[in-house]
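In what follows, a single structure is set out as structure tokens and then discussed.
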Amino acid sequence: MSIRIKLLLSYTGMLLVSLLVFALTASLFTIAATGDIHSFRDFYKVHYQLNPLTEEEESIFLELKYLAKNEPDELMNQELLQDYDFKLKTVRAGLYVRRESNQVFESHTFNQPELEEHLPPYELDNHHIRDTFNIGERFYAYAKFDFRYSDGAKGSVYVIHERSPFGEVTRKLLPMIVVLLIGIIVIANAMLYRWITRSVVKPLNLLRSSTEHIVEGNLLFALDLRSKDEIGLLNEAFENMRKRLYESVQLRLQDEENRKELISNISHDLRTPITNIKGYIEGIRDGVADTPEKMDKYVNIIYSKTIDLDKLVDELFLYSKLDLKQIPFLFENVSIVSFLDDCMDELHYEMEEKGILLKWGERPSRDIEVVADLEKLKRAMLNIIGNAQNFMNKKDKFILISVQASPEWVTVEIQDNGMGISSEDLPHIFERFYRAERSRNSSTGGSGLGLAIARQIIEGHGGSIWVSSELGVGTSFYFTLRRTKDLGGTHTDDNPDSDHRG
Ligand SMILES: Nc1ncnc2c1ncn2[C@@H]1O[C@H](COP(=O)(O)OP(=O)(O)OP(=O)(O)O)[C@@H](O)[C@H]1O
Ligand SMILES: [Mg+2]
């Protein structure tokens, strides 16, 4: 059974119960008021038509009726009639006596000149003794008794009571008012039903159609999150789920794209040296290398190509392991100045050969300890310095290394006066396989993985890496490392700087 039907049934049930309670209350009230169980049926009639006078008025009326039956001529005795009228006056009623068409007595209570015309005519069998009538805006209830005087003249005695117009209107409109009240209950019920179905069933339907969208693979829709009730919260949770799902699908697509690109880049980069090697081996096989010198040259080329291949495979392997976070970092406390001194010593001979001056820029006076994986940090350093030497195009070549320390971090700068990097390339150089000169067969022969690896390593240390460069002037690479704490230096993941470009 749908919620809509359940709600409809429960509201209709509630409506019937309230109507029943309404009727029951009214009947109990009547029974309590009249003390008669049958009177409920005639409640309206009995109370308002047969019994228009109060008890007090009624008892005076009965006295007058008794008099009319037994001593009718007494009903011409003005003194007696005034006595009765006085008694009636105290309860805001009045007396009227008629003999034939002549007025014998009229109470001054009402001050109503048209009273006589409106009184009902003589009727000896006294069928109709209680009723109401109105004169203009004023309403009256009466009890009447018709009799004959001793001389046979027709006499009528009336006890009249003026009623409030409001009471009279209520009496007349009572059936309509009851219908109206029941109507209000029914309408209120219908409106409540509508309100609940709109606030419960509609959002639920919306939610269901949203799940259908998701089943169909459509994640690009937004749920209406206006309501703040439980269903609103459910919709909000659903909306969050949809967003997460969308993000993860996007991420998966992106990953897929990256994987394809990676495979295509790898095959491209592997093919070049392999084609070369194949070419030279074919040359040897076909007897092109016919002298020992030529043979030597060919073999040397093949050897250097296999070295390139080896380097490439090695870089790829390292990069993918770092990317998959499969290589653990072995952190220790490293004296950064000594570490850089060692690196420079190691490269000294190679740099001298290429005519590059590798020296300190700003060297801290005392050593500073950082938390680092020595081997990986060295790899990052060599990648950066290797670039500086590969992309050098000046006559006076230099590479400067500087260290700056803040209370928590150490920043290392490697500055060169090489060819620089254009502003279009600058944001991309840390991407894998990205090389500023597009041709993949350049003499520098790089695969574009060096800086991607350096970034992985520095970020693995919890630090960051960035670059600033001016085309034709030179380039500076910066990276940060966390300083050792007094307690022995543990590694955490916060970033020291927010505007790093790495
Ligand atoms: N010091 C620098 N001066 C000028 N250009 C640079 C410098 N460092 C990097 N680049 C540019 O950034 C690109 C990416 O460098 P990266 O080290 O990642 O790759 P690569 O040196 O080409 O190849 P690999 O390092 O894998 O052998 C380089 O191809 C080069 O165009
Ligand atoms: Mg490089």
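Note that ligands are numbered from 1 as they come in the structure, with each ligand's atoms numbered from 1 the same way. Just the heavy atoms: all of them, side chains too, but no hydrogens, waters or symmetry mates, feed the values below.
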Next on the checklist: Strictly below 4.0 Å, N to O, side chains only: are Arg482 and Glu408 in salt-bridge contact?
Outcome noted: yes
Next on the checklist: Closer than 4.0 angstrom, basic N to acidic O: yes or no for Arg208 and Glu212?
Outcome noted: yes
Item to check | Separation between CG of Leu270 and CG of Asn265, rounded to the nearest 0.5 Å | outcome: 10.5 Å
Check whether any N or O atom of [X], backbone or side chain, sits under 3.5 Å from an N or O atom of ligand 1, and answer yes or no.
{"X": "Gly450", "value": "yes"}
{"X": "Gly448", "value": "yes"}
{"X": "Asp416", "value": "yes"}
{"X": "Met419", "value": "no"}
{"X": "Ala452", "value": "no"}

Item to check | Any donor-acceptor N or O pair under 3.5 Å, side chains Ser338, Asp367 | outcome: yes
Next on the checklist: Under a 3.5 Å threshold, yes or no: a donor from one side chain and an acceptor from the other, between Glu413 and Ser476?
Outcome noted: yes
Output the list of atoms in ligand 1 that are nearer than 4.0 Å to some heavy atom of [X], sorted by atom number.
{"X": "Glu315", "answer": "26 (O)"}
{"X": "Lys311", "answer": "27 (O)"}
{"X": "Tyr434", "answer": "13 (C), 14 (C)"}
{"X": "Phe477", "answer": "1 (N), 8 (N)"}
{"X": "Ala388", "answer": "1 (N)"}
{"X": "Gly420", "answer": "4 (C)"}

Next on the checklist: Run the side-chain contact (heavy atoms from CB on, under 4.5 Å) test on Leu220 and Tyr246 for me, step by step, so that the C-alpha distance in whole Å, both residues' side-chain angles and the decisive distance to 0.1 Å come before the verdict.
Outcome noted: CA-CA 8 Å; Leu220 273 176; Tyr246 180 70; 3.6 Å; yes
Checklist entry - Which option, Leu471, Asn390, Asn387, Leu426, owns the non-hydrogen atom nearest atom 8 (N) of ligand 1? => result Asn387
Next on the checklist: Quick test of your reading of the structure: of Ile421, Leu382, Ile414, whose heavy atom lies closest to atom 5 (N) of ligand 1?
Outcome noted: Ile421
Checklist entry - Does a sphere of radius 6.0 Å around CZ in Phe221 hold more than 12 heavy atoms from other residues, nucleotides or ligands, not counting ones at 6.0 Å or beyond? => result yes
Item to check | Ring-face cation of Arg432 near Tyr319 (centre distance under 6.0 Å, axis angle within 45°) | outcome: no
Checklist entry - If you look only at pairs with a residue in residues 331-347, which of them pass as a salt bridge (Lys or Arg N to Asp or Glu O under 4.0 Å), with sequence neighbours excluded? => result Asp341-Arg363, Glu346-Lys378
Next on the checklist: Using a strict cut-off of 2.8 Å, how many protein N/O/S atoms surround the Mg ion (ligand 2)?
Outcome noted: 1
Item to check | Stepwise salt bridge (charged side-chain N to carboxylate O under 4.0 Å, His left out) test for Arg379 and Asp314 | outcome: CA-CA 12 Å; Arg379 180 71 185 240; Asp314 180 51; 3.7 Å; yes
Item to check | Geometric class of the Tyr434/His428 ring pair [parallel <30°, tilted 30-60°, perpendicular >60°] | outcome: tilted
Checklist entry - Do the rings of His461 and Phe329 sit parallel, tilted or perpendicular, given the 30° and 60° boundaries? => result perpendicular
